[in-house]
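To start, the structure itself, in structure tokens.
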Amino acid sequence: MSSSQSYLSSYLSPLYAELLSWLTPPPIPLSPLPTRDSHAPSSSQLVLPCGDHKPAIIAFLRHCGCPFAEKTLLRMRSCAARHSSVHFIAISHSSAVHTEQWLAEVGGAGDVGIIVDEERTLYASFGLGTVGWWHVLSPWALWEVVRVAREEGIQNRPTRSGNRWQSGGVFVVDGEGVVRLGEADASAGDVRDFEALVKSLE
């Protein structure tokens, strides 16, 4: 969603904001998905390697309000509290205001660094574009929404900005800025085991 759309949605009804999130966002040029042993893309928004040369686990979130974005952040937050030698970074493409609102609703970011990338330039630099309807609305993805709500108490929250068709993904980058692991989400409900990702750095 563009900056102008998120500005409008903050003043319009929640239903309209939800509807906007289902619109296909404008295409943006994508870089290739970083591969294992390649150097991770670096920019002024996300400098890699990190200045202290600690490794980083970077999660590109689905829209704020998505239960799988919330589950991802909760797992990252829990893992970050146990592993201070690793940077945990979550990237949101919802607006800064709506990202802050969502963070307050889910209990805060803890030790997870948050970067807002509303224009999706970081997503694009890591090869993460938009997905098709099967990625979001397959029976397995929809069942996972139900299961997470029933078993883990994580439910859909209001989507104030962001887009449901934007792919997420997770990348593990070592202290030299080299990608150890990385992939786009296989489906909307793809949530990683972050403890296993930390072990991959050993």
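In what follows, residues are counted from 1 in the order of the sequence shown. Scope of the values below: all heavy atoms of this structure, side chains included, with no hydrogens, waters or symmetry mates.
- Partners of Glu100 according to the salt bridge (Lys or Arg N to Asp or Glu O under 4.0 Å) rule, which considers only residues two or more places apart in sequence or in another chain, do not exist here.
- Val145 is not connected to Leu73 by any chain of hydrophobic side-chain contacts under 4.5 Å among Ile, Leu, Val, Met, Phe, Trp and Tyr, and they are in different clusters.
- For the side-chain contact (heavy atoms from CB on, under 4.5 Å) criterion with Thr99, the lone passing option out of Val116, Leu61, Ile91, Ile115 is Val116.
- Distance check: Ser138 OG to Trp133 CH2 gives 8.0 Å after rounding to the nearest 0.5 Å.
- Between Leu128 and Ala184, the shortest heavy-atom distance links the atoms CD2-CB, 3.5 Å.
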Can you give me every donor-acceptor pair (side chain of residues 172-179, partner residue at least two apart or in another chain, under 3.5 Å) with its distance?
| unit_1 | atom_1 | unit_2 | atom_2 | d |
| --- | --- | --- | --- | --- |
| Asp174 | OD1 | Glu176 | N | 2.9 |
| Asp174 | OD1 | Gly177 | N | 3.2 |
| Asp174 | OD1 | Val178 | N | 2.9 |
| Asp174 | OD2 | Arg180 | NE | 3.4 |

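- Listed here is the closest heavy atom pair of Leu137 and Leu142: O-CD1, 3.5 Å.
- Taken together through direct or relayed side-chain contacts under 4.5 Å among Ile, Leu, Val, Met, Phe, Trp and Tyr, Leu74 and Val198 form parts of separate hydrophobic clusters.
- When the salt bridge (Lys or Arg N to Asp or Glu O under 4.0 Å) test is applied to Arg77, no partner is found at least two apart in sequence or on another chain.
- The ring pair (Phe, Tyr, Trp, His ring centres under 6.0 Å) contacts involving residues 21-56 comprise Trp22-Trp165, where partners must be two or more places apart or lie in separate chains.
- With rounding to the nearest 0.5 angstrom, the CG atom of Leu197 is 8.0 Å from the CG atom of Leu201.
- With hydrophobic clusters built from ILVMFWY side chains whose heavy atoms lie under 4.5 angstrom apart, Leu103 does not share a cluster with Val191.
- Using a distance-only test at 3.5 Å, with no hydrogens or angles considered, no donor-acceptor pair links the side chain of Ser161 to the main chain of Ser94.
- Side-chain contact between Asp111 and Ser84: absent, with no pair of heavy atoms (C-beta onward) separated by less than 4.5 Å.
- The shortest side-chain heavy-atom distance between Val136 and Arg62 falls under the 4.5 Å cut-off.
- A chain of hydrophobic side-chain contacts below 4.5 Å, direct or via other Ile, Leu, Val, Met, Phe, Trp or Tyr residues, connects Ile89 to Phe126.
- When every heavy atom of Phe171 is checked against every heavy atom of Gly182, the shortest pair comes out as CD2-CA, 3.4 Å.
- Within the model, atoms CH2 of Trp102 and OG of Ser95 stand 12.5 Å from one another, a figure rounded to the nearest 0.5 Å.
- Under the 4.0 Å criterion applied to side-chain N and carboxylate O atoms, Arg75 and Glu152 are not assigned as salt-bridge partners.
- Remark: Asp117 engages no residue in a salt bridge (Lys or Arg N to Asp or Glu O under 4.0 Å) (not counting sequence neighbours).
- Between His83 and Phe88, the ring planes are tilted. Angles from 30° to 60° get that label.
- Proximity of Ile154 to Phe68: side-chain heavy atoms (C-beta onward) are nowhere separated by under 4.5 Å.
- Scanning both residues, Ala59 and Met76, for their nearest heavy atoms gives CB-SD, 3.5 Å.
- Closest approach of Ala186 and Asp190 over heavy atoms only: N-OD2, 2.9 Å.
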Q. For Ile58 and Leu48, what are the C-alpha separation, side-chain angles and deciding distance, and is it a side chain to side chain contact (heavy atoms under 4.5 Å, CB included)?
A. CA-CA 11 Å; Ile58 305 160; Leu48 295 170; 3.8 Å; yes
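- Under the 4.5 Å side-chain contact rule for hydrophobic residues, Val131 and Leu122 do not share a cluster.
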Checking His87 against Cys50 for the side chain to side chain contact (heavy atoms under 4.5 Å, CB included) test, could you report, in this order, the C-alpha distance in whole Å, the side-chain angles of both residues, the deciding distance, and whether it holds? CA-CA 8 Å; His87 289 293; Cys50 297; 3.6 Å; yes
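- Scanning for salt bridge (Lys or Arg N to Asp or Glu O under 4.0 Å) contacts around Arg164 gives Glu18, with sequence neighbours left out.
- Between Glu144 and Arg147 there is a salt bridge, with a side-chain nitrogen of the basic residue lying less than 4.0 Å from a carboxylate oxygen of the acidic one.
- Side chain of Thr35 to main chain of Ser38: no donor-acceptor pair is present (N/O by atom type, distance under 3.5 Å, no hydrogens or angles).
- The CG atom of Leu20 sits 9.5 Å away from atom CG of Asn163, with the distance rounded to the nearest 0.5 Å.
- Expressed to the nearest 0.5 Å, how far CZ of Arg36 lies from OG of Ser200 amounts to 8.0 Å.
- Neither side chain, Ser21 nor Thr159, offers a donor N or O lying under 3.5 Å from an acceptor on the other.
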Checklist entry - Would Ile28 and Thr121 count as a side chain to side chain contact (heavy atoms under 4.5 Å, CB included) if you check the C-alpha gap in whole Å, the side-chain angles of each, and the deciding distance to 0.1 Å? => result CA-CA 8 Å; Ile28 51 177; Thr121 54; over 6 Å; no
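- Using a cut-off of 4.0 Å between Lys/Arg side-chain N and Asp/Glu carboxylate O, Arg192 and Asp185 are scored as salt-bridged.
- Between Glu70 and Gln155, the shortest heavy-atom contact is OE1-O, 4.1 Å.
- Atom SG of Cys64 and atom CZ of Arg157 lie 11.0 Å apart (nearest 0.5 Å).
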